[in-house]
Each structure stands twice: as C-alpha cells, then as structure tokens.
Amino acid sequence: MSELARNAGYGQNERLKSALLQHRALSLDGLSERLFGLLFSGLVYPQIWEDPAIDIEAMELAPGHRLVTIGSGGCNMLAYLACRPERIDVVDLNPHHIALNRLKLAAFRHMPSHADVVRFLGGDHMGSNREAYQLFLEPRLDAQTRDYWNGRDLTARRRIDVFNRNIYRTGLLGRFILLGHIVARLHGLDPREFVKCGSMREQRQFFDTRIAPLFDRPLIRWITSRKASLYGLGIPPQQFDELASVSDDNSLAPVLRQRLEKLACHFPLKDNYFAWQAFARRYPSKYEGQLPDYLLTQNYAAIRDNAERVNVHHASFTELLASKSAASVDRFVLLDAQDWMNDDQLNALWTEISRTAAPGARVIFRTAAEASIVEGKVSQHLLDLWHYEHERSSALGMRDRSAIYGAFHIYRKKP
C-alpha cells in the first residue's frame, strides 16, 4: 500500500473515531439533560434558596411596584408582600410548585393567627397540621389545588400529610441534603452537630476541622465529579463543566467547599435559616434562631393583608410577559432560571422583559457560575437598553445568606 493510501486510511479512521466520540458525548449530554428534566418534574424546592432580604434591597421594592417572579417554593414571593407592592404575578412550570404557592397564600389568608401559620409552614413534626388544613384551608382552596393536596403521593399517603412531618425534608433539594448527611456520616461526621455552635468563631473552627477535610476524601471527589449527583442543587448539565474547570480532576468539590464555607462561616447561625436547613434539616425554634423572613412576626400583618394581590400562573416567564402590555412591570425576579436556557430562549425572554419594563425597571437573578449568563448570549441591542450594576451586584451577593450561588446580578432599565 502506498504512503498516500495509508495516510488516507489513517485520516479516515481518525475522523470516524472522532465522530464516534462526539456522538457518545452528545448521547451522554442528552441523557444527562433528560435525567435532569425528569428529576425536576416533581417537587423540587419546598423552600426557595434565594435570600429575600437581598432581593428586596436590590429591587428597592416599594408600595405600588408591579412584580413578576418565578414561584419555586413560594417563600420569597411572600416576603415581598411585606413591602406592600401593587401586584405580584408568580409563574412556574412545575405544578407541584404551583400547588405549594397557592397553599402558602391560603395559609396567610385563612389561618386564625400568626402562630397557626408558623406551626403549619415552619413546624417540624406537627401532628395537628392536617386537621388545621381540613378546618381552615381545604374549604377555601380552588378545586385544582384542593385535589392536589388531597391526592396521594408515590407512597400512597395523602400529600397534605407531609405538613404533619416536615415538608422541607422532601422534594429534590430535601433529598439531596439527606444524601449529603448520609455521606458525611459514612465519614464520621454528623452535620447536625454544627447547630450546637455558639459563636462565629466556633462555626469557623467546626468547618475547618470537621467539614472542610471531607472534600479531600476520594469518595466525595468522585461523587462531585458526576453531573447527576448535583442536580439536587439545581446545577444543570450545561453549567457543570464551567464550574468543574477550576479542579484538576473535573470535580465540583472545591466549588462546593467554598460555598459551604460561606454558608457555615460568614453569618451568625442564629440569623441564617438556610444554614439550619442545610445542617439540621429544619428551622430553628424561637429560642435557637430566626425563622424565614416571611414567617417573622413583624411581617405577618402586611403579608396577610396583601396576599390577595398575588396571582399564581402555570406558565413560563416569557409566556406571561407576552400577555402583558408595554411598560407594565417594575421588577422582574428570575431566580437562577436562565442557567437552564439556550440562547434563543434567553433572547425571547429579554425581548419580552425589555418590552414590558416600566421606566426604571429592575431585573434580578442569580447564576451558578460567577459571570452573568446574559453577557455574550443575549443580543447586544437588547442589552444596550439595560445598565448592569456590577459593583452593587457583587456587594449584595456577598451578603446572600443562602450562599449556594456563584453570583447575584442586577440590571436596571436605562432612561
């Protein structure tokens, strides 16, 4: 065989091998995305993991504002009501989140007192919550929401019975936290011991000596190098590679260590209910620390009195905005939803945001990575309508008690 023929054959084999590898990679990526979508088809977030105090400060939320926000677990939407906005439109494509948002709103509107609301939405193993639901909420719910909570889960138990136990230990995120606890215990650490810390100095010492060394263990580095293992944190497949690029072994262990350090060490435990959910899998009692913002006594009356200003829609953000008139929305809350979108979806979303944005409107969102997801993906003629408040975004992101995101972002509509 001539040298030319051998080279031609070699080149053909290499192209075939490259094509097969590419096909395999695409197949694995497709499988990852399908698995991600399947996991997110059930209840994902019984508690939302964005800090509402940061949201409110970033938006400069005030009476008269009209908001559109993604629902998720519904906690932040309720916290926003304490500022007495004119209207909040809540959107979510997950029917489990829709039912949870409507139930939480009904609890504020129809439970007899603040203490009853706290027992129902913030309690741990409150055996009377099913009876409270039947007495105060069930007759007043819309038919669809009532049918959902009276329905059965995969274990044949009525869904409403989860409030007799602890709803925050369920859902995709609740089970992800449970898995983290199991892995930690296999390595000799019970994360619940962290909530015994009495000062930030003790929190730092516990993290440095007990938690941080876990991220060097081979099993944990292997687990955190698998895309599917982190779906419970809401990290989509397309974001995994970017986050893992900082590690030599393609593991997210260094990133998770850094973010868990912020959660554990940067805020007093008594003021950070996110840390209580992560380490104790429950909220603190009134003697241990602070409840979520929407359950605080000082916010109760405003939330109860303004709950009727919320409309919950089973729709996407873009779909809802398309039904609104121009310049009719003052604040947009996107959570981390853009991390899951492709370029076409991002441009469609920002086209509607720009059309419906009132003068001085603001958009806030979070990203798994540090860079803003819209830069380089949303067309420049749309971005030119907005001012990115980079320094303020960074400063507020540092104070976000949830600590699990790479960055927080604020965009303000130019005059």
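Worth saying up front: this structure is predicted, and the values here are computed from it rather than measured. When reading the values below, keep in mind they use all heavy atoms of this one structure, side chains included, and skip hydrogens, waters and symmetry mates. Throughout, residue positions are numbered sequentially from 1 according to the sequence presented.
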Basic-acidic side-chain contact under 4.0 Å: [X], [Y]:
| X | Y | result |
| --- | --- | --- |
| R146 | E138 | no |
| E288 | R282 | yes |
| K324 | D89 | yes |
| R331 | E60 | no |
| R366 | D339 | no |
| E352 | R355 | yes |
| R159 | D161 | no |

Establish, from distance only, whether the side-chain atoms of [X] and [Y] form a donor-acceptor pair under 3.5 Å.
| X | Y | result |
| --- | --- | --- |
| S393 | Y411 | no |
| D293 | N299 | no |
| N164 | N129 | no |
| Y80 | H65 | no |
| E375 | Y388 | no |
| Q345 | W350 | no |
| R201 | S199 | no |

Take a 6.0 Å sphere around [atom1] of [X] and say whether it holds more than 12 heavy atoms from other residues, nucleotides or ligands.
| X | atom1 | answer |
| --- | --- | --- |
| M200 | CE | yes |
| K196 | NZ | no |
| K270 | NZ | no |
| E391 | CD | no |
| Q205 | CD | no |
| R140 | CZ | yes |
| H390 | NE2 | no |
| Q144 | CD | no |

Between [X] and [Y], does the ring centroid distance fall short of 6.0 Å?
| X | Y | answer |
| --- | --- | --- |
| F120 | F163 | yes |
| Y405 | W49 | no |
| H409 | F365 | yes |
| Y148 | H96 | yes |

Taking the side chain as every heavy atom from C-beta outward, state whether [X] and [Y] have any pair of such atoms under 4.5 Å apart.
| X | Y | value |
| --- | --- | --- |
| N76 | Y294 | no |
| H187 | I220 | yes |
| F206 | L189 | yes |

Under 3.5 Å, side chain of [X] to main-chain N/O of [Y], donor-acceptor pair present?
| X | Y | answer |
| --- | --- | --- |
| H181 | A278 | yes |
| E319 | S316 | yes |
| D142 | T145 | yes |
| S72 | G74 | no |
| N347 | K377 | yes |

**Message:** Taking the cut-offs as 6.0 angstrom to the six-membered ring centre and 45 degrees off its axis, would you call K414 and W386 a cation-pi pair?
**Reply:** no
So which heavy atom on [X] is nearest to which on [Y], and how close?
| X | Y | value |
| --- | --- | --- |
| E370 | G406 | CG-O, 3.8 Å |
| D51 | D400 | CB-OD1, 3.1 Å |
| K104 | C75 | NZ-SG, 3.5 Å |
| W149 | L100 | CZ2-CA, 3.7 Å |

Nearest 0.5 angstrom please: [X] [atom1] to [Y] [atom2], how far?
| X | Y | atom1 | atom2 | result |
| --- | --- | --- | --- | --- |
| E202 | L269 | CD | CG | 10.5 Å |
| L105 | E308 | CG | CD | 11.0 Å |
| E50 | F274 | CD | CZ | 7.5 Å |
| S285 | W276 | OG | CH2 | 6.5 Å |

